[in-house]
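So you know, we letter chains A, B, ... as the sequences are listed, proteins then strands, and number each from 1. Please read all numbers here as calculations on a predicted model, not as lab measurements. As a basis for the values below, the full set of heavy atoms in this structure was taken, side chains included, without hydrogen atoms, waters or symmetry mates.
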Amino acid sequence: MTLLKAVRGTRDLLPPETELWDRVETTARRVFARYNFGEIRTPIFEDTSLFSRSVGEETDIVSKEMYTWEDRARAQSEKSQSLTLRPENTAGVVRAYIEHKLGESGLLQKLCYIGPQFRRERPQKGRYRQFWQIGAEVIGPPSAGSESPLRDAEVLEMLASFLDELGINGWTLVLNSVGSSTDRPKYIAALREALKDKAPQMCADCQRRAETNPLRVLDCKVPEDQPIIETLPKIADFLDDASKAHFAAVLAALDACGVRYEINPRLVRGLDYYTRTTFEFTHGGLGAQNALLGGGRYDGLSEMLGGPRAPGIGFAMGLDRLILTLQAAQAESAPTLADAFVAPLGESLNADALALARELRRKGLQIELGDGGFRLKKSFEIGNKLARNIVLLGEDEQRSGILTVKHFATGEQTKIPRAELAQALRNS
RNA sequence: GCGGCUAUAGUUCAGCGGCAGAACGCCUGACUGUGGCUCAGGAUGUCGUGGGUUCGAUCCCCACUAGCCGCCCCA
C-alpha cells in the first residue's frame with residue numbers, strides 16, 4: 001500500500017517548531033493590540049469573483065494560481081457557484097467590511113487576522129501552496145481619517161516595532177508610491193512607449209517583460225540593463241499633486257519617529273488594487289523570496305466590490321518566512337525544559353505520582369510524568385532530556401511526605417516537603 | 001508553468017553493476033534508589049515510486065512524485 005503523504009506544497013508543523021509559531025503569533029497579537037486592532041476571522045473560501053474583481057483578472061494570482069472549483073447545486077432551486085480558496089485576505093476583510101456595514105459606525109476599522117492562504121505555485125524555500133499570513137487592515141470612511149498619510153506611517157511604525165520586538169535584525173523597509181488609480185495607467189502607457197525603442201538592447205527577459213508586464217522591467221537585476229532602466233520614465237513624475245503631497249507626508253512622519261526606510265521607485269506590486277503608498281520589508285537570507293511582508297494603500301477597493309467609499313491601508317506578512325528568518329538567526333534554539341520530571345519508583349506509586357503531578361500542574365508548573373515501570377536510571381535519563389529537575393516519589397517519600405528533588409544542572413539533591421515543592425521548583 | 005540539482009537508517013550523509021555502510025541518536029548490560037563521562041553488546045532500511053536494460057540494478061536508462069536552487073510571481 002502506498003503511504004499517504006502531505007500533498008505538494010503543504011507540510012506538517014511539529015514541535016518544537018510550533019513553539020516558534022506560537023511566539024510569533026502571540027507577539028503579533030500583543031503588539032497590534034497596543035494599536036487598538038481587533039481580530040477578524042473570515043471564511044477560508046469565498047466566491048471566486050471576489051478575488052477576480054479585487055486582486056485583478058489579469059494578475060498571476062487570479063489567472064493561474066487559485067484553487068477554484070464549481071460548488072454544485074444541491075437542489076433544483078439552487079444554482080452552482082464558483083468558489084475559491086482565498087489566495088490572500090484583504091479582499092475578504094473588505095467584503096466583510098461592506099457586508100456588515102462597518103463604515104456606518106463612522107469610526108476607523110482596525111482589523112487584523114492570522115490564517116492560511118492558498119496559491120498554486122511551484123513550491124520553493126519560503127514558498128508553499130498553503131502558507132500562513134498575519135495581516136492587518138485600517139479602513140473606514142474618509143471622515144474617520146482613513147485617507148490620512150498618518151495612517152500609512154502609523155502602520156509602518158507598528159511593523160518596525162513588531163519586527164524589532166520579535167528579534168528580527170537586518171530588515172529593510174522599501175517604500176514607493178504608485179499613485180492614484182488614474183496615475184498608474186498613464187505611467188504604464190508611457191513606459192510601454194519608451195520601451196519600444198529601448199527593449200531591443202536589453203536582456204531577453206526584459207524584451208519579454210516589455211510586452212507582458214512592463215512594470216517588471218524596472219525590477220531587472222542584469223547589470224548591463226541598469227543604465228537603460230535609469231533613462232526610463234519614473235512613476236514619481238506621473239503622480240498628481242495630491243499623491244505627491246501624500247507620499248511626502250508619509251515620509252515626514254516616518255522621519256519624525258525614526259523609522260528608517262529606502263525609497264525604491266521601481267517597487268511594483270502584483271495586485272491591482274494598490275494605490276499610492278506601497279511597501280515591502282525585505283530580509284537577506286531568504287533567497288529569491290526575500291519579502292518578509294508587503295502591503296500598501298487601496299483607496300478604491302471598496303468601490304470595486306460595490307461598497308461605499310472606504311480608503312484603507314494594510315499589509316500581509318509571510319509567517320512561514322518570518323519563522324525561517326528567526327530559525328536562521330538563532331540557529332539551534334534550546335528546547336524549553338519542563339519544570340520537573342516526576343518519577344514514581346515502582347508501579348504501585350503511579351497513581352500517587354499522577355496526583356502529585358496534578359497538584360503541581362494546577363499551580364501552573366510544567367510537569368512531565370514518568371512511569372513506575374521505568375528503572376530509576378531510565379527515569380534520570382529521560383528526565384534529564386525533558387526537565388530541569390527530577391522529583392522522586394518512592395515508598396520513603398510517600399510515607400514521609402518529603403520528596404527527593406535533584407536539579408540536573410547543578411547535580412544538587414535536596415529533600416523538600418510536599419507543600420513547599422511547587423515554590424521550590426518554580427525558583428529552581 | 002519553464003530550466004538545473006537532489007532523493008540510501010530516526011537525523012546528517014558516504015557508497016558500489018554482485019552480502020546495505022559511517023557518525024550522531026535509539027535499545028540492552030557493566031550499575032536492582034541516581035542522569036551527563038566511559039566500556040561492551042544490539043536493532044536500524046520497500047536504498048522515493050513505477051517501468052526498462054542486464055544472468056543480476058540501490059547503482060545505468062525512462063517516466064512519475066517530492067525537496068532544493070534559479071526564472072516567473074509573491075508573503
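G1(B) is paired with C71(B) under the Watson-Crick or G-U wobble criterion, all donor-acceptor distances under 3.5 Å. Under the Watson-Crick or G-U wobble criterion, with both distances below 3.5 Å, A66(B) is paired with U6(B). Across all strands shown, C37(B) forms no Watson-Crick or G-U wobble pair with both key distances under 3.5 Å. In this structure, C60(B) forms a base pair with G52(B), meeting either the Watson-Crick or the G-U wobble geometry with both donor-acceptor distances under 3.5 Å. Across all strands shown, A43(B) forms no Watson-Crick or G-U wobble pair with both key distances under 3.5 Å. With both pairing distances under 3.5 Å, C13(B) is matched to G21(B) as a Watson-Crick or G-U wobble pair.
Note on Leu319(A): nothing from the nucleic acid sits closer than 4.0 angstrom, heavy atoms only. If you check every strand for non-hydrogen atoms under 4.0 Å, Leu271(A) touches sugar and phosphate atoms only. Within the 4.0 angstrom heavy-atom criterion, no nucleotide atom of any strand lies near Gly346(A). If you check every strand for non-hydrogen atoms under 4.0 Å, Ser379(A) touches nothing. Residue Arg120(A) is in sugar-phosphate contact alone, with no base atom involved, counting any heavy-atom pair closer than 4.0 Å across all strands shown. Among the atoms of the strands shown, base atoms are found under 4.0 Å from some heavy atom of Tyr128(A). At the heavy-atom level, Gln117(A) lies nowhere under 4.0 Å from the strands shown. If you check every strand for non-hydrogen atoms under 4.0 Å, Gly295(A) touches nothing. Among the heavy atoms of the strands lying under 4.0 Å from Leu293(A) are primed sugar atoms or P, OP1, OP2 only; no base atom is included. Here Gly411(A) lies in heavy-atom contact (under 4.0 Å) with a base.
When the C1' atom is compared between A66(B) and A14(B), the two are found 23 Å apart, to the nearest whole Å. For the C1' atom pair drawn from G42(B) and G48(B), the interatomic distance equals 28 Å after rounding to whole Å. Comparing A23(B) with G35(B), their C1' atoms are spaced 23 Å from each other, to the whole Å. Comparing the P positions of U58(B) and C68(B) gives an interatomic distance of 28 Å, to the nearest angstrom. Straight-line distance between the P atoms of C64(B) and C19(B): roughly 31 Å, to the nearest whole Å. Taking atom P on both nucleotides, C24(B) is separated from U46(B) by 23 Å, rounded to a whole Å. On the P atoms, C60(B) is 10 Å away from C16(B), given to the nearest whole Å. Comparing the same atom, P, in G33(B) and in U28(B) gives a spacing of 15 Å after rounding to whole Å.
Not a single donor-acceptor contact under 3.5 angstrom links the side-chain atoms of Gln413(A) to the base of G35(B). With hydrogens and angles left out, the side chain of Arg119(A) and the base of C73(B) share no donor-acceptor pair within 3.5 Å.
Listed pair Arg375(A) / G29(B) meets the phosphate criterion, a side-chain N or O lying under 4.0 Å from OP1 or OP2. OP1 or OP2 of C26(B) lies within a sub-4.0 Å distance of a side-chain N or O belonging to Lys385(A). A close approach under 4.0 Å does occur between a side-chain nitrogen or oxygen of Gln124(A) and OP1 or OP2 of G70(B).
Listed nucleotides G35(B), G67(B), C73(B) differ in distance to Phe408(A); the shortest reach to its side chain belongs to G35(B).
Aromatic stacking of Phe131(A) on A75(B): satisfied, with centres closer than 5.5 Å and planes within an angle under 30 degrees.
In the displayed structure, Arg41(A) atom CZ is contacted under 6.0 Å by at most 12 heavy atoms of other residues, nucleotides or ligands. The number of heavy-atom neighbours closer than 6.0 Å to CZ of Arg358(A), taken from other residues, nucleotides and ligands shown, is 12 or below.
Rounded to a whole Å, the CZ atom of Arg8(A) is 14 Å from the C1' atom of G48(B). Atom CG of Leu292(A) and atom P of A75(B) are 12 Å apart (whole Å). Between the NZ atom of Lys377(A) and the C1' atom of C31(B) there is a distance of 7 Å, given to the nearest Å. What separates CZ of Phe380(A) from P of G36(B) is a distance of 11 Å, to the nearest Å. For Ile61(A) and C73(B), the CD1 to P distance is 12 Å, given to the nearest whole Å. Between the CG atom of Leu267(A) and the C1' atom of A75(B) there is a distance of 13 Å, given to the nearest Å. Between Ile382(A) atom CD1 and G33(B) atom P there is a gap of 16 Å when expressed in whole angstrom units. Taking atom CD of Glu381(A) as the reference point, atom C1' of G25(B) lies 13 Å away to the nearest angstrom.
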* **Verdict with reasoning, Val178(A) to Arg276(A), per side chain to side chain contact (heavy atoms under 4.5 Å, CB included)** => CA-CA 5 Å; Val178(A) 296; Arg276(A) 293 191 167 170; 5.9 Å; no
* **Criterion salt bridge (Lys or Arg N to Asp or Glu O under 4.0 Å) on Arg129(A) and Glu121(A), from CA distance to verdict** => CA-CA 6 Å; Arg129(A) 290 181 170 184; Glu121(A) 298 180 274; over 6 Å; no
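Between Glu88(A) and Ala409(A), the residue anchored closer to the 5' end of RNA chain B is Ala409(A), taking for each the nucleotide with the nearest heavy atom. If you find the closest nucleotide of RNA chain B to Phe281(A) and to Ala6(A), the one lying nearer the 5' end belongs to Ala6(A).
The aromatic rings of Tyr298(A) and Tyr273(A) sit perpendicular, their planes meeting at an angle over 60°, well past the 30° parallel limit. Between Trp69(A) and Phe45(A), the angle of the ring planes goes over 60°, which puts this pair in the perpendicular group of the 30/60° scheme. Using a 30° and 60° split on the angle between ring planes, Phe281(A) and Trp171(A) fall in the tilted class, from 30° to 60°.
If you run side-chain hydrogen bond (donor to acceptor under 3.5 Å, both in side chains) between Tyr35(A) and each of Glu154(A), Glu157(A), Lys110(A), only Glu157(A) comes through.
Because its glycosidic torsion is within 90° of 0, C19(B) is reported here as syn.
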* To do: Would you give a per-nucleotide map of nucleotides 3-10 of chain B, 5' to 3', where B means the base has a protein non-hydrogen atom under 4.0 Å away, S means only the sugar-phosphate does, and - means neither?
  => BB------
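No donor-acceptor distance shorter than 3.5 angstrom exists from the side chain of Thr18(A) to the backbone of Trp21(A), with no hydrogens or angles considered. No donor-acceptor pair closer than 3.5 Å links the side chain of Arg119(A) to the backbone N or O of Glu88(A). No side-chain donor-acceptor contact under 3.5 Å links Arg297(A) to the backbone of Pro311(A).
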